[in-house]
2 protein chains.
Amino acid sequence: MVSRKSPATLPKPRRGVAAAALGMLAGCPFHDVRMKLCAAGLRPTRQRIALGWLLFAKGDRHLTAENLQEEAQASRVSISLATIYNSLNQFTQAGLLREIAIDGSRTYFDTNISDHHHFLVEGTNVLIDIPRVAVDYDGLPQPPAGKSIAGVDVIIRLRNNPSA
Amino acid sequence: MVSRKSPATLPKPRRGVAAAALGMLAGCPFHDVRMKLCAAGLRPTRQRIALGWLLFAKGDRHLTAENLQEEAQASRVSISLATIYNSLNQFTQAGLLREIAIDGSRTYFDTNISDHHHFLVEGTNVLIDIPRVAVDYDGLPQPPAGKSIAGVDVIIRLRNNPSA
DNA sequence: TTAGATGCAAATGGTTTGCATGCGT
DNA sequence: ACGCATGCAAACCATTTGCATCTAA
């Protein structure tokens, strides 16, 4: 279920100052997370730090709330599902995560917030990142008057090839 | 969201000569719908004909199950929500409709089954068709080995333009 | 006659919320 | 100490399902 690619995309700073600071602390994940949270205006509580660590210390990931709770338990950290959801939503609002709705029944949170899209393998519910550069948008249509594009969600559904 | 992903029992498609025979009855919208249903292997029951008529007689539409039920009531046809869902899923499975999941909380059914994508106006939940020709896919990435592309879902989220 | 369709109500299940308690500053 | 954060359980709610009853063929 989890897909990872690039080793560890470490700091993804949002502001210049934070960027510099994060760069200097690049060796200490705990501090990275604390700063990430602070930069986002989120109080660095025990739970948020734990979740942030699980989320951001292992490269790009696609997780559901339940996935994340299981990981937390595996790390001997007990966090209520409600708090997991709250935190994930807060992280998303803060721009630390990206939400990916699948089939209207599952919601994944993507730690890769760069501009990219996804393959979805039918049946397995596995998401695979597609680098933005791999999709050619020459013909992106004009938005209607008075509106601007807030985001583009692309999901390419894959089926297992019957023959090949 | 919910447990919204298990196809309702699909009756065995009973395609073939029957459709041709029904061709002689063409002429009025009711018959069109009947034929559509027959061609799809769906028995043309009172409810399915009513829904088919509501869905297909007014051009391209984006409807939720509840939308459709309201329209049915407005036409003095009472159909249970369960049957609406079942029918919509059956129509979708038969290729008469296309499902569009939004935000993981709403599911729209699109009567336009041609290859196209959608604008989504944030806040209003209004969907706007984007002709396929308006999006250039030259750069569609290679699917991983052993998989083929089953479909491409593109939703371009729009926000109201604050200034210009 | 009979397989398949419908309606109702109950079940589902991911997600959210209300409220009392806990913890970071 | 103050106020946001957390946990628990109950609430939510779109969607699905079980089952008894109809209906098209």
Side-chain angles (χ1 to χ4, degrees), chain A residues 1 30 33-34 37-38 40-52 63-70 72-73 77-94 97 99-109 125, chain B residues 1-14 16-19 21-22 25 30 33-34 37-38 40-52 63-70 72-73 77-94 97 99-109 125:
Chain A
M1 33 112 144
F30 278 119
V33 172
R34 293 188 86 98
L37 293 174
C38 282
L42 296 171
R43 189 191 285 181
T45 64
R46 179 183 2 274
Q47 292 86 339
R48 285 176 182 160
I49 291 173
L51 294 180
L63 299 166
T64 64
E66 249 177 300
N67 284 341
L68 187 53
Q69 193 185 35
E70 285 159 16
Q73 316 251 244
V77 182
S78 172
I79 307 180
S80 81
L81 197 51
T83 295
I84 304 256
Y85 274 108
N86 288 338
S87 300
L88 286 173
N89 287 330
Q90 290 154 355
F91 285 15
T92 300
Q93 237 178 307
L97 292 177
E99 223 172 339
I100 306 171
I102 301 289
D103 287 343
S105 61
R106 279 154 286 163
T107 300
Y108 284 85
F109 292 87
N125 301 335
Chain B
M1 262 27 328
V2 201
S3 57
R4 58 188 63 149
K5 253 307 125 160
S6 54
T9 41
L10 177 74
K12 303 118 197 186
R14 160 164 49 111
V17 193
L22 284 167
L25 300 171
F30 277 118
V33 172
R34 294 186 85 98
L37 293 174
C38 282
L42 296 171
R43 187 192 286 182
T45 63
R46 179 182 7 271
Q47 292 87 342
R48 284 178 183 159
I49 291 173
L51 295 180
L63 299 167
T64 64
E66 248 177 302
N67 285 341
L68 188 53
Q69 194 186 33
E70 286 158 16
Q73 315 250 245
V77 183
S78 173
I79 306 180
S80 81
L81 198 51
T83 296
I84 304 256
Y85 274 109
N86 287 338
S87 299
L88 286 174
N89 286 331
Q90 289 155 355
F91 286 15
T92 300
Q93 241 178 301
L97 292 177
E99 221 172 340
I100 307 170
I102 301 289
D103 287 343
S105 61
R106 279 153 287 164
T107 300
Y108 285 86
F109 292 88
N125 300 336

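Nothing here was measured: the structure is a model prediction, and the numbers come from that model. Lettering of chains follows the sequences in order, A, B, ..., and the numbering in each one begins at 1.
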Checklist entry - Whole Å only: how far is the CD1 atom of B:Ile100 from the P atom of D:dA14? => result 18 Å

Checklist entry - Considering only side-chain heavy atoms of A:Arg46, which listed nucleotide, C:dG24, D:dT6, D:dA14, is closest? => result C:dG24

Checklist entry - Pick from A:Leu51, A:Leu68, A:Thr83: which one makes a side chain to side chain contact (heavy atoms under 4.5 Å, CB included) with A:Leu88? => result A:Leu68

Checklist outcome for this item: Smallest heavy-atom separation, A:Ala101 atom then B:Gly104 atom, equals CB-N, 3.4 Å

Next on the checklist: Measure CG/A:Asn125 against C1'/C:dG14 and give the value in whole Å, please.
Outcome noted: 14 Å

Checklist outcome for this item: Scanning both residues in full, the closest heavy-atom pair of A:Ile79 with A:Ala50 reads CD1-CB, 4.4 Å

Item to check | Spacing of A:Leu68 atom CG relative to D:dT6 atom P, expressed in whole Å | outcome: 13 Å

Item to check | Global bending angle along the helix from C:dT1-D:dA25 to C:dT25-D:dA1, which compares the axes of five pairs at either end, to 10 degrees | outcome: 30°

Checklist entry - Given atom CD of B:Glu66 and atom C1' of D:dC13, what is their separation to the nearest angstrom? => result 9 Å

Next on the checklist: Nearest to the side chain of B:Arg43, heavy atoms from C-beta on, is which of D:dA5, D:dG7, C:dA3?
Outcome noted: C:dA3

Checklist entry - Which atom pair, heavy atoms only, marks the closest approach of A:Tyr108 to A:Asn125? => result OH-O, 3.0 Å

Checklist entry - For B:Ile102 and C:dT15, what is the distance between atoms CD1 and P respectively, to the nearest whole Å? => result 16 Å

Checklist entry - Donor-acceptor pair, B:Gln69 side chain versus B:Ser80 backbone, under 3.5 Å? => result no

Next on the checklist: Can you measure A:Ile49 atom CD1 to C:dC23 atom P for me and round it to whole angstrom units?
Outcome noted: 14 Å

Item to check | Nearest-0.5 Å distance, CD1 of residue A:Ile49 to CZ of residue A:Arg43 | outcome: 12.0 Å

Next on the checklist: How close do A:Glu99 and A:Thr107 get, counting heavy atoms only, and between which atoms?
Outcome noted: CG-CG2, 3.6 Å

Checklist entry - Hey, does the side chain of A:Ser105 come within less than 4.0 Å of D:dT15's phosphate (OP1/OP2), counting only N and O? => result no

Item to check | Under 3.5 Å: donor-acceptor pair, side chain of B:Arg48, backbone of B:Ser87 | outcome: no

Next on the checklist: What's the closest nucleotide to the side chain of A:Thr45 if the choices are D:dA25, C:dG24, D:dT15?
Outcome noted: C:dG24

Checklist entry - Distance check: side-chain N/O of A:Gln47 vs OP1/OP2 of C:dC23, anything under 4.0 Å? => result no

Next on the checklist: What is the separation between atom CG on A:Leu42 and atom P on C:dT25, rounded to the nearest whole Å?
Outcome noted: 12 Å

Item to check | Whole angstrom value for the distance that separates P of C:dA5 from CG of B:Leu37 | outcome: 11 Å

Checklist entry - Heavy atom of residues 82-90 of chain A under 4.0 Å from DNA chain D: which residues? => result A:Ala82, A:Thr83

Next on the checklist: Is the phosphate of D:dT6 approached by A:Arg48 (side-chain N or O, under 4.0 Å from OP1 or OP2)?
Outcome noted: yes

Item to check | Derivation and outcome, side-chain contact (heavy atoms from CB on, under 4.5 Å), residues A:Phe109 and A:Asn67 | outcome: CA-CA 10 Å; A:Phe109 292 87; A:Asn67 284 341; over 6 Å; no

